[in-house]
Amino acid sequence: MDLRGKTIVLTGASGGIGEEAARQLAQAGARLCLVARREEELQRVQQAIEAGGGWARSYACDLSDPADLDRCADRLLAENPRIDVLVNNAARSIRRPIREALDRVHDYERTMQLNYFGALRLTLRLLPRFLEQGAGHVVNISTMSSQVPIPLFSAYLASKSALESFSRSLNAELAHKGVSCTVVYFPMVRTPMSSKTAIYKHMPMMDSAKAAGWIVEAAAKRPARVSSPLGTLGGLAMAALPGVVTRLSQPLFRQMDRQLKKKLERD
Ligand SMILES: NC(=O)c1ccc[n+]([C@@H]2O[C@H](COP(=O)([O-])OP(=O)(O)OC[C@H]3O[C@@H](n4cnc5c(N)ncnc54)[C@H](OP(=O)(O)O)[C@@H]3O)[C@@H](O)[C@H]2O)c1
């Protein structure tokens, strides 16, 4: 699909992968509605796009606050007669062992509130417009860590799995009405989110420009999934032999963590 003149609502556009995706989508000719909490950062991204000859508007919003999200959705719908694509990219991540989260149900509630309910609520608000148009596409950002059995991210991964499951239902129910959905499974990407974990300093990661290219691909080609070959293989292995794959992979993850810690200590 040619993205020229298409209106794209992109959440988490004030930094990380979202900021880079906003630039690349604008370069492809799309009109960008930029959503995130930090207004000044959104303005900075908007101005950079406008300076490059593109079109963008800022919509400051805390997507974990349903009332604020509803206000933002009202504005998006009122100011944009047509919306072609919604990219649910904003998210928060928590890295914590389950044994240290025994009295922290709020970890699980907070990640669900933004990563699942925020994305879901915005999708449901824009869906009537998509159906009216007879066309619309949702890009839901997930992670390769939900394709393979990664430890220490239970709250984050549960919220992403919920979003993936909703995405499958959306495709199953509404593809014949012109409304479709892509799930993007990123591997580790060097951004403010991944930089919060000190031991990941020496882990090889994808850069945010390449990751943003996956979002452009999802918006333009609209496949059901954008994934790395390793993620797809991991997903297949987990579907076939979940017990074996989990047993074999966990010592490798522990070893990787030990090696990354050693490298950090040597710094
Ligand atoms: N980085 C990775 O290694 C990695 C790997 C796999 C998947 N992913 C996924 O890729 C996506 C982008 O991640 P990233 O690494 O670019 O993250 P990031 O650098 O932390 O950026 C997150 C974005 O979400 C926005 N955001 C956070 N909380 C929000 C809220 N309550 N309401 C509205 N916006 C909010 C932030 O802006 P404000 O602070 O201005 O609100 C920011 O623009 C996420 O869905 C993440 O789960 C990332």
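We count ligands from 1, going down the list as the structure has it; atoms in each ligand are counted the same way. One is the number of the first residue; the rest follow in order along the sequence. Please read these numbers as outputs of a predicted model, since none were measured by experiment.
Below 3.5 Å of separation, one finds an N or O of Asn89 facing an N or O of ligand 1. Between Thr191 and ligand 1, a contact under 3.5 Å exists for at least one N or O pair. Considering both main-chain and side-chain atoms, Gly12 comes within under 3.5 Å of ligand 1 through a nitrogen or oxygen pair. At least one N or O atom of Val189, backbone or side chain, sits closer than 3.5 Å to an N or O atom of ligand 1. Residue Leu63 has at least one N or O atom closer than 3.5 Å to an N or O atom of ligand 1. Checked by distance only, ligand 1 and Met188 stay at 3.5 Å or farther apart across all their nitrogen or oxygen atoms.
Following chains of ILVMFWY side-chain contacts shorter than 4.5 Å, one cannot reach Val139 starting from Leu122, and the two form parts of different hydrophobic clusters.
For the pair Arg168 and Val183, the minimum side-chain heavy-atom distance is 4.5 Å or more.
Only side-chain heavy atoms of Leu114 come within less than 4.0 Å of ligand 1; its backbone N, CA, C and O stay farther off.
Heavy-atom distances between Ala211 and ligand 1 stay at or above 4.0 Å for every pair. In this structure, Tyr156 is part of the shell of residues with a heavy atom less than 4.0 angstrom from ligand 1. At least one heavy atom of Cys61 sits closer than 4.0 Å to an atom of ligand 1. Judged by the shortest distance from any of its heavy atoms, Ser208 lies outside the 4.0 Å radius around the atoms of ligand 1. Heavy atoms of Lys160 approach ligand 1 to within less than 4.0 angstrom.
Residues Arg95 and Tyr200 have side chains that bring a donor and an acceptor to within less than 3.5 angstrom of each other.
Salt-bridge annotation for Arg44 and Glu41: present, with a side-chain N of the basic residue lying under 4.0 Å from a carboxylate O of the acidic one.
Here atom 27 (C) of ligand 1 lies nearest to Arg37 when heavy atoms of Arg37, Glu20, Glu19, Arg92 are compared.
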